[in-house]
Structures are given as C-alpha cells and as structure tokens.
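Written out below as structure tokens is the structure these notes cover.
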Amino acid sequence: MTDATLWTNTNERYGAVEKLFHWTLAVAIITMIPLGIVANRIAHSEGVLTGADAGAVAQAAFLFSIHKTLGVLIFIVALARVLWSLATPRPAPLHPDRRVETWLAKTVHLLLYGSLILVPLTGWITHSAASGFAPIWWPFGQDLPLVPESPRVEHVAASLHILFERVLAVALVLHVAGALKHRFVDRDATLQRMTPGQPAVPPLPPHRRSWAAPAAALAVWALALGAGAALGLYRTEGAVASAPALETVASDWTVTEGTLALTVTNFGNEVEGSFGDWQAAIAYDEGTGTGDVTVTIATGSVTLGGVTDQARGPDFFDVPGFPTATFAAGIAPAAAGEALPDGTPATHVADGTLTLRGAEVPVALPVLLEVSDGTARMRGAVTVDRRDFAIGAGYEDEATVGFPVVIAVELTAERTE
Ligand code: HEM
Ligand code: HEM
C-alpha cells in the first residue's frame, strides 16, 4: 500500500480523510439534535414567549447561539466532505450480492449526505429571515445573501429545518442499525472499515452505479415535504394573532396612508417592527402652522421581527392590560436647529405626552411637514427610553434588549371635505 491510499479511499477501504470527516460530523450531528430540541423547548416555554422570564430568554439565546455556531461549522465541513467524496473513490459494498440491503444502505447514505447540507442550510435560512435572536458566534456575518427578513420565510424555513432534521434522525437510526447488524450479526468488516486501522478486505468487484438509490432518497424527501404540507406546517395564517380594530376617529385631516414603525436592539441586532392599527385625529391650520394631533395605537397590532409574541407580552407592551397607547400633542413650527434623528431639519414639532403602559411621558416629535393642494405629507422620528415606560423591566441589561427605542411615523393625509 502506498502512502496516498492511507489518505484516500480505494475500492476496498476508507482512507483517513473520509474517516476523519465521518466521525467529526457524526459526533457533531449527534450533539446537535438534542441541543436543538432542548433550546427550542426552552424558547417555546411560557416564560420566554411572554417575555416574563428573562433568565430563560438568556438561556435559550445561549443554547441557540451554540446550536447555530456549531451548525454553521457543520455546514462548511459538510460541503468539504461532499466535495471530497466526489474526488475519491467509493469503497464497494462487502456483499454486493445482497441487492436490497445494498440499495437500502446506499439510499440511507445519500439521505445522510443530503441532510448534512439541507438541515444546516434551512437552519441558517431561518436565522437569516428572523431578526435579532441568538447570534452566530463568528465574525463572518450573520445572514445568508438573498434571504429576505420575513416572518413568513422564517416560519417556512423553520418547518423545513425540523422536517429535514427528522429525516436525518430516521436515516441515522437505520444507518446505525445497519452498522451494528454488520458488526454483530454478519460479523463482517463493514464497521471496522470506517474505524481507525485497516481490516483485511479481499479485492471486491467495482462499485456498480445505479439510479435506484438516488431515486429512493429523492422520494423520501418528497414524501417528507408532502407530509409537511398535509400537516399544514408551512401555513402562516393565524401564526400572528390579529388585534382588535380601533374605531375610526373624526378628524379635519384623513390619513390615507401611513406607517408607524419602531426599532429596538435585541442581542445587538436592530429589529424593526410596526403597529398595523392606529388612528390619528389631526387639526392643523396652514396659516399659523399650528394645530394638534392625537394618535391612538392598538398595542396588540404590533409586529416585531421574530419577537412579536414577547413584545405583546406582560413584560413589554402588555396588550391585555394596556390595549391602547396614545400620543396627544400640540403642533407648532420648529425652532431653528431642530432636526429629525437622520439630520433632516424639522419644519414642525409635535410636543405632547405619550401614554404607554400607563406611564405618561413628555415627548417632542420633530417632523418634516409639507402641505400642498389639500394633501399633507409628514414624517418624523424620535428616540425614547423604554425604561421610562417600565417596558422590559426584567431586562435590566442592555445586552439583551437595548434601552433606546426609535419611533418613526410617516403619513399622507387629505383635508376632510
Ligand atoms: C449523523 C451521523 C452520521 C452520518 C451523517 C453518517 C454518514 C455516513 C455516510 C454518508 C456514509 C457513506 C460513506 C460513503 O459514501 O461510502 C457512512 C458510512 C458509514 N458509517 Fe456513518 N454516519 C453517521 C454516524 C455513524 C455511526 C454512529 C456509525 C456507527 C455506529 C456509523 C457507521 C458507518 C459505517 C460502518 C460506514 C461504512 C458503510 C459501508 O462501508 O458501506 N456512522 N456514514
Ligand atoms: C446539522 C446541523 C443541525 C442540526 C442537526 C439541527 C437540529 C435541530 C433540531 C433537532 C432542532 C429542534 C427541532 C424541534 O424542536 O423539534 C433545531 C431547531 C432550530 N435550529 Fe437547528 N440544526 C442544525 C443546524 C442549524 C443551523 C446551522 C442553524 C442556524 C444558523 C439552526 C437554527 C435552528 C433554529 C433557528 C431552530 C428553531 C426552529 C424553530 O423556530 O422552530 N440549526 N435544529
């Protein structure tokens, strides 16, 4: 035997590189499955979903960061393994005459190879589509390119991640059962071929290629995807509870379109969200440039990246306790030098009181307001401190949930006839 055959595979045996790949990935994957299940169980526990148990939130984030970091490393090693397996021969089966067994073993091998890519990839897509929860501990960026930040993509990818992981788990059980059967029933060298050392293996007829195993592996994935669809795993309706609609308010100006957005920092990442349901009663005199505005917000209409449920929970907006928030302010021309957070000079300031979670806090919102032909366009933004409203009181530390919250409003209003 030459040195090269120790490293590379031959028709009869596995080389050292293949063995190293095999056992590194086997140990890593066998660690990942319970880690994912435990992390997910904590993440979906009552205390985390409501945001009430800050300790459990931190624990779930910690376990998920380990899960994702190890998972991304597995993904990279798996890609290298797949490339290596294309570059080196596949050792032939020891009993090629056992057609069904050989076909089953190959199908399971292909399912394992595919899972090594599909499982971490869908996990990473889930992470990329979500915002602001449990970072990957590495300096090379968090998100895969081309994956939009979207709760729908996140939900579908998470469902696929779990589905493909179940296929992996079943394949693994069959694979280990096969290895043990060879070891203890057939008493052949199959398992020893994959462990350190080189058992004596007689020359074998070369590997026969066939489409039966790849076709069977594809059929298993198709079946798993079909079962996922039948179980409704990819559906997102109902995943985000709808909020009760606010009554329409009478106003001199009718808001025709608008957004009320908020940005918070969660685990060092910016998470953007918005309120879907809010009303503004506006009185404004173009002659004097003054007026007043009352904005009523249904707190239950908030969506906030992957942490919407927490945001609605008792430690944050506490929707059942405080279903509405209001901002009542007088509008007056801005003094020279007043500006929006992005530096745009403000034309007006809406100076008033923000009532949120029972706390009344003075807030001056600098805005850029332009009125022409009975249409008003306004945008403004202000940074508030969540602690002023006792929001996230259990999160005393800025590392999990940052103190500043940026509230940004943008609207177009028509003068009511
Ligand atoms: C998640 C963990 C595992 C993965 C992803 C995995 C994956 C694979 C793959 C893809 C092959 C085929 C290599 C080829 O192309 O020829 C293989 C072969 C093998 N694996 Fe695993 N494996 C895992 C765990 C295990 C465990 C726990 C055992 C032992 C109990 C084991 C025993 C073997 C043996 C004996 C072979 C050689 C089979 C043969 O010669 O036909 N594997 N494994
Ligand atoms: C081979 C690698 C991986 C394996 C075996 C694996 C396995 C698992 C398992 C078993 C679960 C729990 C499923 C359940 O609760 O039933 C899970 C959940 C999760 N994993 Fe992984 N994972 C892997 C890689 C990754 C990677 C690379 C990421 C992200 C970068 C990731 C992100 C997640 C997320 C976000 C969840 C929660 C899904 C949800 O919201 O329901 N995983 N994973």
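Counting from 1, the numbers follow the sequence of the chain as shown.
- Residue pairs satisfying the side-chain hydrogen bond (donor to acceptor under 3.5 Å, both in side chains) criterion with at least one member in residues 23-40, sequence neighbours excluded, are listed as follows: N40-H44.
- Atom OG of S65 and atom NE2 of H127 lie 8.0 Å apart (nearest 0.5 Å).
- The side-chain hydrogen bond (donor to acceptor under 3.5 Å, both in side chains) analysis of residues 381-392, with sequence neighbours excluded, yields the pairs D385-R387.
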Yes or no on ring-ring contact (aromatic ring centres under 6.0 Å, His included) for Y395 and F316, after CA distance, side-chain angles and deciding distance? CA-CA 10 Å; Y395 298 78; F316 291 89; 5.3 Å; yes
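- For the pair K181 and E101, the salt-bridge criterion is met [side-chain N within less than 4.0 Å of a carboxylate O].
- Taking the centre of each ring, H67 and F62 stay at or above the 6.0 Å mark.
- No salt bridge links D373 with R415; every basic N to acidic carboxylate O contact stays at or beyond 4.0 Å.
- Aromatic rings of F275 and F317 (six-membered ring for Trp) have centroids within the 6.0 Å cut-off, being under it.
- The neighbour count for R99 CZ, taken as heavy atoms of other residues, nucleotides or ligands under 6.0 Å away, does not exceed 12.
- At most 12 non-hydrogen atoms from other residues, nucleotides or ligands lie less than 6.0 angstrom from CG of L146.
- Contact check on R379 versus D342 returns a salt bridge, with a Lys/Arg side-chain nitrogen under 4.0 Å from an Asp/Glu carboxylate oxygen.
- By the salt bridge (charged side-chain N to carboxylate O under 4.0 Å, His left out) test, E18 pairs with R81, R90, sequence neighbours left out.
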